[in-house]
Amino acid sequence: MIVRVRFHGRGGQGAKTASRILGTAAFNAGHFIQDFPVYGAERRGAPVASFTRFSDEEITERGFIFSPDVVAVMDDSLIVDPLANPLAGLRKGGCAVINTTKGADAVGGARKDVVVVPVALTEQALKFLGKPVLSAGIAAAVARVSGIKEESLLAGVDEELREVGLSEDMVKRNLEFAKSIYGELAPLKLKTEELPGKEELVPLALVVSGEGTEDVTRTGNSTVRHTGNWRTFRPAIDYEKCTDCMICYAYCPESAMSVGSDGRVKIDYDNCKGCMICLTECPLRAISQTREGGLQ
Amino acid sequence: MATTSRFKTLKDMPVEDYLTPGNTMCAGCGGILAVRIFHKVLGPNVAWINAAGCMTITMSYPLSPIKSNWLYTAFASAPAGAQGVRDALDFLIAKGRLPASEDMKVVVVTGDGAAYDIGFQATAGAIDRNLDFYYLCYDNEAYGNTGFQMSTSTPFGASTKTTPATEAFPLGNTGRKKDLFEVWRIQKAPYVATLSNSHGVDFLRKVEKGGTIKGPKLYIDFAACPTGWGFDPKDSVEVEKLVVQTGIWPLKESVNGVVRHTFVPRSLVPVKEYLKTQERFRHLFEPAEKSEAVSIIQSQVNEYWRKAAAAEDLDVRLPEGAR
């Protein structure tokens, strides 16, 4: 039986590396494998996808996976992102591994015919690695639910992360991270069934939820893109401490800070990507960060 | 210059933004920050002429983060595109078909790939024709858009996709960063300047000064690249500060060929402090420090500032033990 896994992440979270780790892990376990990402104009924070197929028989399928057995969603804000649409085509009886702190509620009952496996990966990544890079963790979660042995997984993590040039220390920490996630979950017996109906490509029309189609003739219309869901951390200004020195405003690369009529700097949370330059540059430490709670 | 500029502190930065939020650049991108500040000084009537690079992706149909105009050209031909737009505006205004109030500033914006390599000769042509335009190069020292391959702007010792640190080449890139400032200057461009986002007032003043000069006005902005260089996006401006404080990126301008340093670090921070902030230089320090390579970089910087200090009578203290 072929297991088809589709990873959805944000650029920089490690979706491509995750698909490679899982591929190598399955190869170590004796499977035939394929793994590959979508190549395009990816950016840090933008929705990206990658794929892994593994099977105990030769795989004759090629190309992107439109009807996966398992989807791995590395950021729960992607679930409602029309450009990512991670649950599309997921087979009946399939599994959705979701990085979230909201438990199974993260999918909001959108699919009752699949198994939802929630796991708080970002929290664990911050604990083990100090940064929200999830490749080893999400690969470990998918390896566990799809029944790949732990030693095969760890060998895959080790090999792939060395190949991308991580330091000895970082490889070790990623191995600990993968072990922790692997131990947290249990294997599933998946019996999947393709959804009825012809495969449809995700339509390219740009639909920004709740806003209709944007007027292409309006200049500066990128404000409806809402890059705010790229954030891992959320900056907040303490207006008691702030002296309106404007340094944060000057160095915000996004124009996501504006000066109100009262002369105070305001943050546009719809589009702030959470780069946190403002926090670093504020001479009075009047800006703090909290872990982002996901889209409201 | 200081006495006539309207920019005294960062508080004088114009509050009008012509870059809107929601662009698709990486979080912490130095290039888009440069575009934002540059646009603030130029005001609303701008035609950006872009060659392939990261900035190209900001204009993903149907969304645009720029409140002015944007024209794509092929990789090698942004300055030629600028000539076309400049000429069209001039003709239309001369014939009375366009009111003079609708004139635009023509600005080429490219990365270092187009400026240092692929669009090199088109720029030379535009300088030779004394085209009245601005050129903003956001220099992140490699082809960042395609996955960080080496360009001729890549500095000595940097690891890129095409110059990785390997057993055969333990230093990564063994070439030296091209001195584009000098190359543009000796072609008799009336105004050439280097910028760093971290030195905002210097940045604002140089763009303002360009506005008083007719002909090619060329700017190279040191644009920190968290994705390609491997550092936390929050440190983007800090990295830009360090590159100036170490003396690796001198802030200077050339007016009709006469060079003047606009910011002189009184005592240079050792280059090591800068190199250590980024993954692309990690192989210079791990597993063991390659002190010979680091001292080559340091001595290049020292040599530069010795010459500059002698030419302009500057007071620059080199790091301790400098050769």
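The sequence lines fix the lettering, A, B, ..., with proteins before strands; numbering per chain opens at 1.
With a 4.5 Å cut-off on non-hydrogen atoms, A/C272 does not touch chain B at all. Within the 4.5 angstrom heavy-atom criterion, atoms from both the backbone and the side chain of A/S167 approach chain B. B/S68 touches chain A through its backbone: at least one of N, CA, C or O sits under 4.5 Å from a heavy atom, while the side chain does not. Only the backbone of B/N197 comes within less than 4.5 Å of a heavy atom of chain A; no side-chain atom from C-beta onward does. Neither the backbone nor the side chain of A/F233 comes within less than 4.5 Å of any heavy atom in chain B. For chain A, the nearby part of B/I66 is the backbone; its heavy atoms alone come within less than 4.5 Å.
Residues B/F203 and B/F7 place their aromatic rings such that the two centres sit no closer than 6.0 Å. You'll find the ring centres of A/W230 and A/Y269 outside the 6.0 Å limit.
Of the listed residues (A/C278, A/S258, A/C252), the one with the most heavy-atom contacts under 4.5 Å to chain B is A/C252. Note on B/G30, B/P164, B/G200, B/S198: by heavy-atom pairs under 4.5 Å with chain A, the leading option is B/S198. Note on B/K40, B/K241, B/E286, B/M25: by heavy-atom pairs under 4.5 Å with chain A, the leading option is B/M25. Taking A/S222, A/C275, A/G12 one by one and counting their heavy-atom pairs under 4.5 Å with chain B, the maximum is reached by A/S222.
Judged as a side chain to side chain contact (heavy atoms under 4.5 Å, CB included), and not counting sequence neighbours, the contacts of A/S50 are A/F7, A/A15, A/S19, A/P37.
Using a 4.5 Å cut-off on side-chain heavy atoms (C-beta onward), B/P170 and B/K290 make contact.
Geometrically, B/R36 does not engage B/Y18 in a cation-pi contact, judged by NZ or CZ lying under 6.0 Å from the ring centre and within 45° of the ring axis. B/F285 carries B/K276 over the face of its six-membered ring, with the cationic atom under 6.0 Å from the centre and within 45° of the normal.
Between B/T58 and B/N23, the side chains place no donor N or O within less than 3.5 Å of an acceptor N or O (distance only, hydrogens not considered).
Considering A/M246, A/K266, A/R264 as possible partners of A/V259, the one that fulfils the side-chain contact (heavy atoms from CB on, under 4.5 Å) test is A/M246.
Contacts from residues 168-177 of chain A to chain B, taken as heavy-atom pairs separated by less than 4.5 Å, involve no residues at all.
For A/R10 and A/D75, the salt-bridge test passes: some basic side-chain N is under 4.0 Å from an acidic carboxylate O.
Distance alone, capped at 3.5 Å, is enough to place a donor-acceptor pair between the B/S236 side chain and the B/G28 backbone.
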